[in-house]
Protein chains: 2
Amino acid sequence: MKRTSLAGDSCPVARALDVFGDWWSLLIIRDASLGRRRFGEFQASLGLAKNILATRLRTLVERGILKTVPASDGSAYQEYVLTPKGHGIFPILVALRQWTEEFDEHPDEIATIMVDRDKGKPVKKLALLSQDGRVLGAADTTLKLRPARKAARRVSA
Amino acid sequence: MKRTSLAGDSCPVARALDVFGDWWSLLIIRDASLGRRRFGEFQASLGLAKNILATRLRTLVERGILKTVPASDGSAYQEYVLTPKGHGIFPILVALRQWTEEFDEHPDEIATIMVDRDKGKPVKKLALLSQDGRVLGAADTTLKLRPARKAARRVSA
DNA sequence: GCATCGGGTTTAATATTGCAACCACACAAG
DNA sequence: CTTGTGTGGTTGCAATATTAAACCCGATGC
């Protein structure tokens, strides 16, 4: 079955999904961005099998999303923290959150809202802006071929 | 294996992933937002097995992301188009795209850039703003419990 | 009416997930 | 120093999902 890899795809969406598009990775990253760092914390929070957590953490480290730091509090164990590349995923988490807030069938089951830490007020919706500041919807955008210096493998959009 | 469902989770990120967080759904949605509508178009573009495409399309329809429209051009076949709920996923696709643009190891393999349809200029990066217009990073936000009218099932973040 | 195409379903092989049991090490107590 | 316990995994096996390939069937096409 071989879980067809998207790594060589030329579509940036596919490339991102290839890195953390599986069932658990984004949840691990979410937890990490909430400050969880220890194997046990992730396991307790997510309720996933330990072997799966172990492999997910390993591949996220390999891919530069997480890094292990040798200690933190006294004990000589290691912890997992986000790299800059991992922190860069934050907008994606926000986008997912906001989609649920807007479209979920049972919004009453959503436990938390994201607020501005200073003021404690809800954040605004992510908006896509053009260079001159207009708000863009999907229909207002197009894809253009990159000036491209090297060939890319697959040519889907 | 049973692919533990996240449907009852109280975290909005998990709830979103429960709907379209599997290996193919987001790519199908991406294709749909690029205007692909026919089974064969998706299959050719994604190169996935037809049975999987069939089940994915079916569940995406069930979940209100896609709907089938009876025709379009002459033939009496059906097509798949995004619902408003499906169009709402667009910012997530943009976020994924921008993450790859910023952090991918081989940016030269990225084929396309997203531009403003009017001016043809690249769009700006998605920004998270506070009510008073400041740009917020992950560290500038917190989660707050919702005023909550009904209980939610699990209490992870 | 015969072939072909689009749009799937069925089948069998293979890979991944999940659970539970097991293991190794660190640290603490006796 | 020997036992005990918690953390952080690894290993095996059964359950399930993915995949490719073969098959199906109603619409077109000719």
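Model, not experiment: these values are computed from the prediction. Order of the sequence lines sets the chain letters (A, B, ...), proteins ahead of strands, with each chain counted from 1.
- The CH2 atom of A:Trp24 sits 13 Å away from the C1' atom of C:dC19 (whole-angstrom rounding).
- Heavy atoms of A:Gln43 sit nowhere under 4.0 angstrom from any nucleic acid atom.
- Picking from C:dG8, D:dT18, D:dA20 the nucleotide with the shortest atom distance to the side chain of B:Ala54 gives C:dG8.
- Regarding A:Ile28, its CD1 atom lies at a distance of 14 Å from the P atom of D:dG8, rounded to whole Å.
- With respect to B:Arg134 and A:Asp116, a salt bridge is recorded, a charged nitrogen being found less than 4.0 Å from a carboxylate O.
- Closest contact between the side chain of A:Asn51 and the listed nucleotides D:dT10, C:dG8, D:dT7 involves D:dT10.
- Straight-line distance from the CG atom of B:Leu53 to the C1' atom of C:dG7: 10 Å, rounded to whole Å.
- Distances shown here put every side-chain N or O of B:Arg38 at or beyond 4.0 Å from the OP1 or OP2 atom of C:dG6.
- The residues B:Glu102 and B:Lys125 are annotated as salt-bridged, a charged nitrogen and a carboxylate oxygen being separated by less than 4.0 angstrom.
- Atoms CD (B:Gln78) and C1' (C:dG8) sit 10 Å apart, rounded to a whole Å.
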When you compare the protein's N or O atoms with those of nucleotides 25-30 of chain D, which come within less than 3.5 Å of each other, and at what distance?
unit_1	atom_1	unit_2	atom_2	d
D:dT28	OP1	B:Ala76	N	2.7

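- For an aromatic pair to be called close, the ring centres must be under 6.0 Å apart, and A:Trp99 with B:Phe90 fails this.
- Regarding B:Lys50, its NZ atom lies at a distance of 13 Å from the P atom of D:dC24, rounded to whole Å.
- When rounded to the nearest whole Å, the span between CH2 of A:Trp23 and C1' of C:dG18 equals 14 Å.
- Between B:Leu129 and B:Leu136, the closest side-chain pair of non-hydrogen atoms is not below 4.5 Å.
- Using a 4.0 Å cut-off between a side-chain N of Lys or Arg and a carboxylate O of Asp or Glu, B:Glu41 and B:Arg36 do not qualify as a salt bridge.
- Residue A:Phe42 contributes atom CZ, which lies 11 Å from atom P of D:dG8 at whole-angstrom precision.
- Take the nearest nucleotide of DNA chain D for A:Tyr80 and for B:Leu48: the residue whose nucleotide is more 5' is A:Tyr80.
- A straight line from CD1 of A:Ile52 to P of D:dG9 spans 15 Å, rounded to a whole angstrom.
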